[in-house]
2 protein chains.
Amino acid sequence: MKGKIRTLLVDDHKIIRDGIRSILEMDENINIVDEAKDGTEALNIIARHNGKIDVVVLDINMPGLSGIDTTEIISKLYPKIKVLGLTMHKQHAYIVKMMEAGALGYVLKDGGGDQLIEGLKTVFQGKNYYSTEVTNTLVNGFVKKQQSKNEDFGLTKREVEIVKYVSEGLSNEEISKKIELSSRTVETHRRNIIKKMGVKNTAQMVARAIKKGVLK
Amino acid sequence: MKGKIRTLLVDDHKIIRDGIRSILEMDENINIVDEAKDGTEALNIIARHNGKIDVVVLDINMPGLSGIDTTEIISKLYPKIKVLGLTMHKQHAYIVKMMEAGALGYVLKDGGGDQLIEGLKTVFQGKNYYSTEVTNTLVNGFVKKQQSKNEDFGLTKREVEIVKYVSEGLSNEEISKKIELSSRTVETHRRNIIKKMGVKNTAQMVARAIKKGVLK
DNA sequence: CAACACGTACGTATTAATACGTACGTTTTT
DNA sequence: AAAAACGTACGTATTAATACGTACGTGTTG
């Protein structure tokens with residue numbers, strides 16, 4: 001590692017900034033170049049440093065420009081700067097939004113100092129870092145979603161195939177040509193599928209099939 | 001911790017079982033009570049122990065009864081037994097299936113001994129454990145999926161409303177009654193939506209709307 | 001003020017989907 | 001061997017969707 005990791009601290013509470021600073025300064029490879037109390041100030045400071053900052057440790061819940069918006073702006077204006085999200089809450093929605101906005105990592109405030117340091121170093125290398133609590137939340141949410149799916153209504157292979165084509169916008173006629181069948185057969189399949197799934201028509205059939213994970 | 005963690009090792013390769021054993025036995029809190037070379041044998045051994053096993057460390061890729069099926073059976077027959085998945089591959093599909101089957105944790109074989117021990121202890125406490133490589137795969141996949149969504153095709157509020165009703169299986173006529181409109185207007189909306197989204201018909205419209213996250 | 005998007009709505013004609021019954025050979029299950 | 005599920009297919013009639021053009025009041029934006 002050549003030189004220290006130039007770090008910018010952003011949080012609206014001074015006490016928290018002080019806490020983070022004291023944790024990060026224990027590591028000799030980390031250099032906190034500045035602090036900001038909100039997103040706007042952070043952007044100004046980054047500009048003042050000509051973008052020569054490696055990592056921004058950023059609180060999500062801030063007054064004014066939100067952490068998510070700030071992250072989005074930073075990652076667009078300065079793609080080289082890595083953002084490490086920091087929060088008290090491990091809500092699913094927040095995490096996903098931060099990731100979408102361009103943050104590389106996400107650490108909980110009550111996660112301990114070592115997680116913070118590890119996270120900072122990891123994102124500095126351009127890799128993703130999610131603290132354990134965060135990943136558990138995410139993965140559990142993900143698995144739950146998956147579980148709520150996987151209701152295949154006892155559709156046969158052929159029937160799933162038909163649903164797939166229907167969802168791609170093909171008519172019975174077009175499907176029949178594609179898989180060399182009578183369009184009447186495709187029609188029968190469609191009817192049977194609708195019956196099996198207990199839906200009213202094709203539109204609902206497609207909707208439910210996708211939501212329940214019948215289609216990949 | 002009262003007594004050692006009674007552990008059962010399941011893997012079809014003896015060499016790997018030996019390797020895992022040597023790693024786990026370094027920890028004084030872990031006691032490997034038995035080994036099995038496949039799912040069937042594992043179930044027999046568990047029965048012979050009257051279910052008095054704390055954690056089963058289970059390879060996913062096994063001949064005969066698969067790791068996923070074995071996990072499912074174990075977690076149904078012996079809900080108290082915790083399963084820690086073990087694999088060489090970090091494919092998304094495998095991980096999700098293991099979670100669905102009831103595994104509490106998931107560790108990669110090339111993840112190092114400390115991960116294995118940490119994972120075992122964590123699932124023993126009834127908590128989830130996913131090794132870093134695994135979570136990165138999962139979370140990245142998840143974030144990507146989220147990102148691939150959020151294309152709203154510039155649909156208006158009214159149009160999104162129509163799509164929602166259509167996906168619920170309502171006809172133009174039914175929608176028109178529901179929101180007090182002429183069915184001809186609903187029809188026009190439907191036509192405009194299809195045009196805006198660049199799809200061929202209602203079925204594809206619904207499919208794409210759901211996949212792209214237009215509907216919640 | 002003109003242009004544009006939005007939501008509303010109709011006319012006319014064509015195409016596609018739906019409803020319901022029926023049928024039959026093949027494979028799978030009991 | 002009998003029963004059930006699967007995939008195949010047709011007849012007939014009705015309902016819904018699609019295509020394409022047109023129109024008009026309201027609000028917004030250039």
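These numbers were taken from a predicted model, which means no experiment stands behind them.
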Side-chain atoms of H189(B) come closest, of dA9(C), dG7(C), dA19(C), to dG7(C)
What is the distance, to the nearest angstrom, from the CG atom on L155(A) to the C1' atom on dG7(D)?
14 Å
Residue-phosphate contact under 4.0 Å: K157(B) side-chain N/O, dA5(C) OP1/OP2
no
So does R17(B) pair up with D11(B), basic N to acidic O under 4.0 Å?
no
Does R158(B) have a side-chain nitrogen or oxygen under 4.0 Å from the phosphate oxygens OP1 or OP2 of dT8(C)?
yes
For S176(B) and S182(B) the tightest heavy-atom approach is CB-C, 3.7 Å
Would you say a side-chain N or O of T202(A) is under 4.0 Å from OP1 or OP2 of dT18(C)?
yes
Spacing between E159(A) atom CD and dT8(D) atom P, to the nearest angstrom:
10 Å
What's T188(A) touching, base or sugar-phosphate or nothing? Going by heavy atoms closer than 4.0 Å.
base
Length of the CD-P vector between E161(A) and dC6(D), whole Å
15 Å
Between dC10(C), dC10(D), dT18(D), spot the one nearest the side chain of I194(B), thanks.
dT18(D)
Using whole Å, report how far CD1 of I162(A) lies from C1' of dA9(D).
13 Å
For D54(B) and T7(B), indicate whether the former's side chain and the latter's backbone hold a donor-acceptor pair under 3.5 Å.
no
Let me know the distance between CD of E173(A) and P of dA16(C), rounded to the nearest Å.
7 Å
Could you check how far CD1 of I175(B) sits from P of dT8(C), rounded to whole Å?
12 Å
Estimate the overall bend of the helix from dC1(C)-dG30(D) to dT30(C)-dA1(D) from the end axes over five pairs each, rounded to 10 degrees.
60°
Assign each of N201(B) and I179(B) the nucleotide of DNA chain C bearing its closest heavy atom; nearer the 5' end lies the nucleotide of I179(B)
Output, in order, the C-alpha distance, side-chain angles, deciding distance and verdict of salt bridge (Lys or Arg N to Asp or Glu O under 4.0 Å) for K196(A) and E159(A).
CA-CA 10 Å; K196(A) 272 190 184 175; E159(A) 286 168 342; 2.8 Å; yes
So which nucleotide from dA16(C), dC20(D), dA9(C) ends up closest to the side chain of R191(B)?
dC20(D)
Does T185(B) have a side-chain nitrogen or oxygen under 4.0 Å from the phosphate oxygens OP1 or OP2 of dA9(C)?
yes
Under 4.0 Å between a Lys/Arg side-chain N and an Asp/Glu carboxylate O for R184(A) and E187(A)?
yes
Can you find a donor-acceptor N/O pair under 3.5 angstrom joining the side chain of R184(B) to the base of dT12(C)?
yes
Indicate yes or no for a side-chain donor-acceptor contact from E174(A) to the backbone of S171(A) under 3.5 Å, with no hydrogens or angles considered.
yes
Between E35(B) and R21(B) (salt bridge meaning N to carboxylate O under 4.0 Å), is one present in this structure?
yes
Tell me which nucleotide among dG7(C), dC6(D), dT8(D) gets nearest to the side chain of T156(B).
dG7(C)
Base, sugar-phosphate, or nothing: which does S171(B) touch, judged by heavy atoms less than 4.0 Å apart?
sugar-phosphate
Could you state the NZ-C1' distance from K195(A) to dA17(C), rounded to the nearest angstrom?
17 Å
So which nucleotide from dT8(D), dT8(C), dA17(D) ends up closest to the side chain of L181(B)?
dT8(C)
Within this structure, what is the CD-to-P distance between E187(B) and dT14(C), rounded to whole angstrom?
16 Å
Here the pair of heavy atoms bringing E161(A) nearest to I179(A) is OE2-CG2, 3.5 Å
